[in-house]
Amino acid sequence: MRCDNYCPKCREPDETITHAIFEYPPALQVWSLSSIPSNPNIFPLPSIYANIDSLFWRGNIMDGELSDRDHYPWLIWYIWKTRNDKLFRRIDTNPMELVHFVESECQAWFNANERSAYTPQQHSVEDSEAISLDNICMVDGSWTSDAHFNGCGWVWKDNTGKTQVLGMRNLRCRETAIHSEVESL
């Protein structure tokens, strides 16, 4: 089997990872528009190793501030995704929109993974309604679209949490999951 190694978009004779992520003209635009410092003599270069070195270690030296919130992994990923969208689905993405999207995705990821200081709160018996319940009955139904039967179950617990009555039943399958849930009641 013969494999063409040229870039189908810009006709670069040797399409490499370096070309796809760092040298492909739309990728160059994205790197230039991003907040990552770029200088044609320093970054990006024709070497994958030099580019990764610049991103991981030298990038903070070039812009003068240390940051553990660099968004270059997101840039690399979305440059790759938009390149594939262009090649296989003929979808063009505006480089500036891509940079803004990457920055928002990166910020969302860091916000979601931020650890806040947890301070346990003391609850009195009066604060918690679940403790003051005398008896509680819980019901549930199970349903799958390809099964001939669905199930339902229930449990009654007293104020100490001790199970008083427990039961389950197998029924002919209903039309939807909500039908199964209602029948459980």
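Residue Gln164 comes nearest to Asp158 through the heavy atom pair NE2-OD2, 2.8 Å, listed as atom of the first residue, atom of the second, then distance. Of all non-hydrogen atoms in Tyr24 and Lys86, the two that sit nearest each other are OH-CG, 4.1 Å. Of all non-hydrogen atoms in Leu55 and Tyr72, the two that sit nearest each other are O-CE2, 3.4 Å. A pairwise comparison of heavy atoms in Trp80 and Ala20 identifies CZ3-CB, 3.9 Å as the closest pair. Shown here for Ala27 and Ile79, the closest heavy-atom pair between the two residues is CB-CG2, 3.7 Å. Shortest non-hydrogen contact noted between Glu23 and Leu28 is O-CD1, 3.6 Å.
Connection of Met138 to Met168 is not established within any shared hydrophobic cluster, with ILVMFWY side chains joined at heavy-atom distances below 4.5 Å, either directly or through further cluster members. In this structure, Leu45 is not a member of the same hydrophobic cluster as Ile36, with clusters built from ILVMFWY side-chain heavy atoms closer than 4.5 Å. A continuous path of ILVMFWY side-chain contacts below 4.5 Å connects Ile48 to Tyr78, so both sit in one hydrophobic cluster.
A donor-acceptor contact shorter than 3.5 Å is absent between the side chain of Asp53 and the backbone of Tyr49. Using a distance-only test at 3.5 Å, with no hydrogens or angles considered, no donor-acceptor pair links the side chain of Trp31 to the main chain of Leu75. Without hydrogens or angle criteria, Thr163 side chain to Val165 main chain gives no donor-acceptor distance under 3.5 Å.
Taking the salt bridge (Lys or Arg N to Asp or Glu O under 4.0 Å) definition, one finds that Arg89 meets it with Asp85, sequence neighbours left out. Trp109 meets the ring-ring contact (aromatic ring centres under 6.0 Å, His included) test with Trp74; sequence neighbours excluded. Take Asn150 and apply the side-chain hydrogen bond (donor to acceptor under 3.5 Å, both in side chains) test, not counting sequence neighbours, and it matches Ser180.
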> Going through the distances and angles, do Lys162 and Lys157 end up as a side-chain contact (heavy atoms from CB on, under 4.5 Å)?
Replying inline: CA-CA 5 Å; Lys162 187 176 177 185; Lys157 294 186 176 190; over 6 Å; no
>> Between Lys81 and Asn84, is the side-chain contact (heavy atoms from CB on, under 4.5 Å) condition met? List the steps.
In response: CA-CA 5 Å; Lys81 282 188 67 154; Asn84 287 342; 5.9 Å; no
>> The test is side-chain contact (heavy atoms from CB on, under 4.5 Å); show your working for Phe43 and Asn51 and say whether it passes.
In response: CA-CA 6 Å; Phe43 175 80; Asn51 291 328; 3.6 Å; yes
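Between the SG atom of Cys106 and the CH2 atom of Trp77 there is a distance of 15.5 Å, given to the nearest 0.5 Å. Considering CD of Gln29 and OG of Ser34, their distance stands at 12.0 Å, rounded to 0.5 Å. Taken to the nearest 0.5 Å, the OG1 atom of Thr93 stands 7.0 Å off from the CD1 atom of Ile91. Between the NE2 atom in His71 and the OG atom in Ser35 there is a gap of 3.5 Å [rounded to 0.5 Å]. To the nearest 0.5 Å, the span separating CD on Glu105 from NE2 on His100 amounts to 14.5 Å.
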